[in-house]
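What you see is a predicted model, and the numbers here were worked out from it, not measured in a lab. Note that these values count all heavy atoms, side chains included, but never hydrogens, waters or copies made by symmetry.
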Amino acid sequence: MNGKNVLIVEDDPDHAYLIISILNENRLILMEDGQEAVDYLLEADLSDSEEYKDRNTVNGRQSLMDLIVLDINMSRKNGMFVLKFIKNNSRYCDVPVIVLSTSCDKETIREAYENGANGYIIKPTSYEGFVNKMELLQKYWLDTNSLPEKE
């Protein structure tokens, strides 16, 4: 088992299922909208408190991520809001964030990179294309890429 910690923020259940089925050799956490993701990350910050010192989880949740896969168009808080939150948080700013979106709008892509996205993948419309993109994501970001040591 690869064993990387991956936060998936995806509101489309079909897309979430495909992502999970491909990245299933990792420890996956699914959040169904942007507000849920921000709340989760804020709660995970509690692990710095004395109550959670020397623990790797908060309420059974992994407190540090190796990768975040983030949809942009979601209810409550959109992905751009979540991306800004992550990149402006000293605990998470070094975690790679890969935007996975149906939007191929050049302005949206530019904005995502300006806000700190490490990659932007346009969701393919075919099943085979989606699987291929997720396998490539896994191969590079989870199997090949090296991250700094967690403190």
Side-chain angles (χ1 to χ4, degrees), residues 2-24 26-49 56-59 61-126 129-151:
N2 194 354
K4 301 285 178 87
N5 301 320
V6 181
L7 176 63
I8 301 165
V9 187
E10 174 61 67
D11 64 342
D12 182 304
D14 293 331
H15 292 166
Y17 174 78
L18 282 175
I19 296 166
I20 289 168
S21 68
I22 294 163
L23 303 182
N24 67 1
N26 300 281
R27 290 182 294 275
L28 307 174
I29 300 162
L30 174 64
M31 298 290 141
E32 296 178 356
D33 66 53
Q35 185 62 57
E36 187 180 14
V38 169
D39 292 345
Y40 166 78
L41 293 169
L42 286 171
E43 182 180 336
D45 277 342
L46 291 174
S47 63
D48 285 337
S49 70
N56 195 31
T57 62
V58 177
N59 296 333
R61 296 174 167 179
Q62 294 293 330
S63 61
L64 293 174
M65 298 295 113
D66 294 299
L67 179 68
I68 299 171
V69 178
L70 178 64
D71 189 13
I72 288 290
N73 300 314
M74 296 181 292
S75 62
R76 298 204 300 159
K77 300 285 185 198
N78 70 28
M80 212 60 78
F81 176 88
V82 177
L83 177 61
K84 290 176 190 176
F85 171 82
I86 292 166
K87 293 304 179 176
N88 287 311
N89 182 301
S90 62
R91 183 178 187 114
Y92 303 108
C93 63
D94 291 334
V95 176
V97 178
I98 306 304
V99 173
L100 183 63
S101 180
T102 56
S103 177
C104 58
D105 176 63
K106 291 178 182 179
E107 180 62 26
T108 302
I109 296 169
R110 183 193 57 72
E111 184 181 359
Y113 279 107
E114 285 179 354
N115 287 312
N118 298 90
Y120 192 105
I121 298 172
I122 298 169
K123 292 178 182 176
T125 55
S126 72
F130 201 100
V131 168
N132 184 26
K133 294 279 184 172
M134 291 303 93
E135 287 174 344
L136 289 170
L137 180 143
Q138 164 132 345
K139 185 173 210 133
Y140 179 75
W141 289 103
L142 298 172
D143 297 340
T144 305
N145 189 51
S146 295
L147 295 173
E149 289 292 317
K150 295 177 187 173
E151 296 180 13

Contact summary for Tyr92 and Leu41, nearest pair of heavy atoms:
OH-O, 3.1 Å
Taking all atoms of both residues into account, what is the closest heavy-atom pair of Pro124 and Lys133, and its distance?
CG-CG, 3.4 Å
I'd like to know whether OH of Tyr17 has more than 12 heavy-atom contacts from other residues, nucleotides or ligands below 6.0 angstrom.
no
Value for CG (Asp11) from CD (Glu36), rounded to nearest 0.5 Å, stands at 11.0 Å
So, Lys123 side chain and Ser101 main chain: donor-acceptor pair closer than 3.5 Å or not?
no
Could you measure the distance from the CD1 atom of Ile20 to the CD1 atom of Ile8? Nearest 0.5 Å is fine.
5.0 Å
Please step through side-chain contact (heavy atoms from CB on, under 4.5 Å) for the pair Glu10 and Val69, ending with a clear verdict.
CA-CA 8 Å; Glu10 174 61 67; Val69 178; over 6 Å; no
To the closest 0.5 Å, what do you measure between CG (Leu28) and CD1 (Ile22)?
11.5 Å
Could you please spell out the steps behind the side-chain contact (heavy atoms from CB on, under 4.5 Å) verdict for Met74 and Val9?
CA-CA 9 Å; Met74 296 181 292; Val9 187; 3.6 Å; yes
Interatomic distance, CD1@Ile121 vs CG@Leu136, rounded to 0.5 Å, equals 8.0 Å
Ile122 and Cys104: which non-hydrogen atoms are nearest, and at how many Å?
CD1-CB, 3.5 Å
For the residue pair Asn145 and Pro96, what are the closest heavy atoms and their distance?
ND2-CG, 4.4 Å
Test your reading of the model: is there a side-chain donor-acceptor pair from Tyr120 to the backbone of Ala112, 3.5 Å cut-off?
no
Should Met80 and Thr108 count as side-chain neighbours, where that means a heavy-atom distance under 4.5 Å?
yes
Donor-acceptor contact present, side-chain Lys87 to main-chain Val82, <3.5 Å
no
Could you measure the distance from the CG atom of Asn88 to the CG atom of Leu83? Nearest 0.5 Å is fine.
9.0 Å
Between Asn26 and Lys4, is there a donor-acceptor pair closer than 3.5 Å when you use the side chain of the first and the backbone of the second?
yes
Output for pair (Leu7 CG, Arg27 CZ), nearest 0.5 Å, gives 13.5 Å
Polar side-chain atom of Asn118 near backbone of Val97 as donor-acceptor pair, under 3.5 Å
yes
Going by the side chain to side chain contact (heavy atoms under 4.5 Å, CB included) test, name the single residue among Ile72, Leu70, Ile19 that passes it with Leu100.
Ile19
Under the side-chain contact (heavy atoms from CB on, under 4.5 Å) rule, what do Leu23 and Leu137 come out as? Steps first, then yes or no, please.
CA-CA 9 Å; Leu23 303 182; Leu137 180 143; 4.2 Å; yes
Using modelled atom types only, decide if a donor and an acceptor are shared between the side chain of Asn89 and the backbone of Phe85 within a distance under 3.5 Å.
no
Exercise: identify the closest heavy-atom pair between Ser103 and Asn73:
CB-ND2, 4.3 Å
Do the side chain of Asp66 and the main chain of Asn5 share a donor and acceptor less than 3.5 angstrom apart?
yes
What verdict does the side-chain contact (heavy atoms from CB on, under 4.5 Å) test give for Met134 and Phe130, after you've listed the backbone C-alpha separation in whole Å, the side-chain angles of each residue and the deciding distance to 0.1 Å?
CA-CA 6 Å; Met134 291 303 93; Phe130 201 100; 3.7 Å; yes
